[in-house]
*Asks:* 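Quick one: structure below, then a few questions.
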Amino acid sequence: MIDMAVFKQFQEAIRHLGEMAQPEPLTDAARLSRAKAVMHRKTDRALAMDLESCVNCGYCSEACHFYQSTQDPKYTPTRKLDLLRRVHMRETSAFAPLHRLFKPDITVADLQEWQELVYDSCTECGRCSMVCPMGINIARGVNVMREALSEAGLVPLELMAVAQEQAGRGTVFGVGPAELLKAVEALRAQGIPIPLDEPAADVMLVTTVIDVLLYQDALAATARILNHLGLRWTLRSAGFEAANFGLLSGNEALQKAASQRLIAEALAVGAHTVILPECGHAYPALRWEARLPGGAPLPFEVLAVSEFVGREIASGRLEVRSGDTHQVVTYHDACKLARHGGVIDEPRAAIAALGVEFRETSPTAELNWCCGGGAGTFLINRAAPLRHKAWEIKRQQIDATGADAVVVSCASCRLNFMAGAETDQWPTRIVSLVELVADHLPDNGTPSAPA
Ligand code: SF4
Ligand code: SF4
């Protein structure tokens, strides 16, 4: 059960986030040179091909929720790469001397203008690339732009504040080991065993500030499922935060450091599996982009909790009660899980086992519309009106199914759905997948004998 008072407190905290940021005083020349250095370093062969091969067909615009909801040409996906493209064409492409005759160099004013285009109005959802006839990876280019702007000290203040907190104190929104312990003790008081800081475990569970502060039921539900399966698992207070503000802000060093905290704890306990909470961007950050310090692949599997739960149900290891509900539900595929990560069948396997009436959205799965709040845009205050316009596409898509409830498996999506629902007085229930599954455990999550 969501405490709406806590949700409103969280929204209020976001309104003041920017005040905590400490922008780096840099000259315009330094900002430009730092941004360009990142652009040059990151323009590998694949990105160069992407920058050179756009045929301006416009298909990507039709796929982008920010363009679709505003019809504003400035939100055309391919345009979001224009600065990167201009730098590449003028300075590193085969015909650079020729391009220098016709294309002006980029300026700090350009970088400042592009801040809105790559943070507020791109969730790096990847939907545009699904329709691009040239296969251009716009989300990757946008992420490179975020890295360039981060290096130039031009991250939106809200994201800058949280990234600085995570890089400095190691906390996010003030949540560190003490706050985790408090949440764990609150759940233990409800009779839910939560192993914390066990020295050895087969499974390491990672949680996130959002679950600690707001969606504790999701953490409780995951614990009940792991306990029910009889797994030897643990949370680790030295490495529990899934949210990676290095990835979201474009600070590559912080992204690596935040991932290394989790990796170090997983290695310390000897985990063979790391389970991530309902957090979309945590999945690419740890599963696809993280490596051991020397560059080797991670020696353990990384699963999103929706992927884990669906897999356990499909294998028969996790039994759930079926047919005791008359709900009509639909499912929202989080972009980072479904489109980027391929986690499509597992959540559906979990929902199918519950005996609810399930209705797909149209389009769905890897072509599903983004909710508009991912990649940190939910925290950018000035982006709220634009985000809400994009969310309206999502709302209409869900409404068309006639479902009573939409099941989600990403806390960022859940926040954006809640904000949209609050503004629109939208009656559809927003339900966490892991909570829904835990509510259908045969014995309400009583532990089995250890496996
Ligand atoms: S990645 Fe998503 S939000 Fe960004 S330009 Fe493409 S469709 Fe739009
Ligand atoms: S769909 Fe691809 S080729 Fe067409 S305008 Fe967009 S990025 Fe360019």
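Read the numbers this way: they start at 1 and go in the same order the structure lists the ligands and their atoms.
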*Asks:* Can you list the atoms of ligand 2 that are under 4.0 Å from a heavy atom of Pro133?
*Replies:*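 Under 4.0 Å from Pro133, ligand 2 has these atoms: 1 (S).
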*Asks:* For atom 4 (Fe) of ligand 1, what's the nearest protein heavy atom and its distance?
*Replies:*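 Residue, atom and distance for the closest contact: Cys122 SG, 2.3 Å.
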*Asks:* How close does the nearest protein non-hydrogen atom get to atom 8 (Fe) of ligand 2, and which residue and atom is it?
*Replies:*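 Here the nearest protein heavy atom works out to Cys54 SG, 2.3 Å.
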*Asks:* Atoms of ligand 2 less than 4.0 Å from Asn56 heavy atoms?
*Replies:* 5 (S), 8 (Fe)
*Asks:* Tell me, please: is Leu81 in heavy-atom contact with ligand 2, that is, under 4.0 Å?
*Replies:* no
*Asks:* May I ask whether Pro77 places a heavy atom under 4.0 Å from ligand 2?
*Replies:* no
*Asks:* Enumerate the atoms of ligand 2 whose separation from the nearest heavy atom of Ile138 is less than 4.0 angstrom.
*Replies:*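 Every atom of ligand 2 under 4.0 Å from some heavy atom of Ile138: 7 (S).
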*Asks:* Nearest 0.5 angstrom please: Arg387 CZ to His65 NE2, how far?
*Replies:* 11.0 Å
*Asks:* Quick one: CE on Met4 to CG on Leu214, what's the gap to the nearest 0.5 Å?
*Replies:* 9.0 Å
*Asks:* Flag the pair Glu151 and Arg41 as a salt bridge only when some basic side-chain nitrogen lies within less than 4.0 angstrom of an acidic carboxylate oxygen.
*Replies:*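 No salt bridge links Glu151 with Arg41.
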*Asks:* Need the ligand 1 atom indices (1-based, order shown) with element for anything under 4.0 Å from a heavy-atom of Thr123.
*Replies:* 3 (S)
*Asks:* Provide the number and element of each atom of ligand 2 under 4.0 Å from a heavy atom of Met134.
*Replies:* 3 (S)
*Asks:* Among Arg100, Arg86, Lys36, which one satisfies salt bridge (Lys or Arg N to Asp or Glu O under 4.0 Å) with Asp105?
*Replies:* Lys36
*Asks:* Just to confirm my output: which protein heavy-atom neighbour is closest to atom 6 (Fe) of ligand 1, and how far is it?
*Replies:*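 Of the protein heavy atoms, Cys128 SG, 2.3 Å lies nearest.
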*Asks:* Need the ligand 2 atom indices (1-based, order shown) with element for anything under 4.0 Å from a heavy-atom of Val55.
*Replies:*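 Those of ligand 2 that fall under 4.0 Å from Val55 are 3 (S), 8 (Fe).
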*Asks:* So which heavy atom in the protein is nearest atom 2 (Fe) of ligand 1, and how far is it from that ligand atom?
*Replies:*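 Of the protein heavy atoms, Cys125 SG, 2.3 Å lies nearest.
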*Asks:* Among Thr92, Ile106, Leu47, whose side chain to side chain contact (heavy atoms under 4.5 Å, CB included) with Met39 holds?
*Replies:* Ile106
*Asks:* Answer side chain, backbone, both or neither: which part of Lys80 comes under 4.0 Å from ligand 1, heavy atoms only.
*Replies:*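 The answer is the side chain of Lys80.
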*Asks:* Can you tell which of Arg140, Arg146, Lys80 makes a salt bridge (Lys or Arg N to Asp or Glu O under 4.0 Å) with Glu124?
*Replies:* Arg146
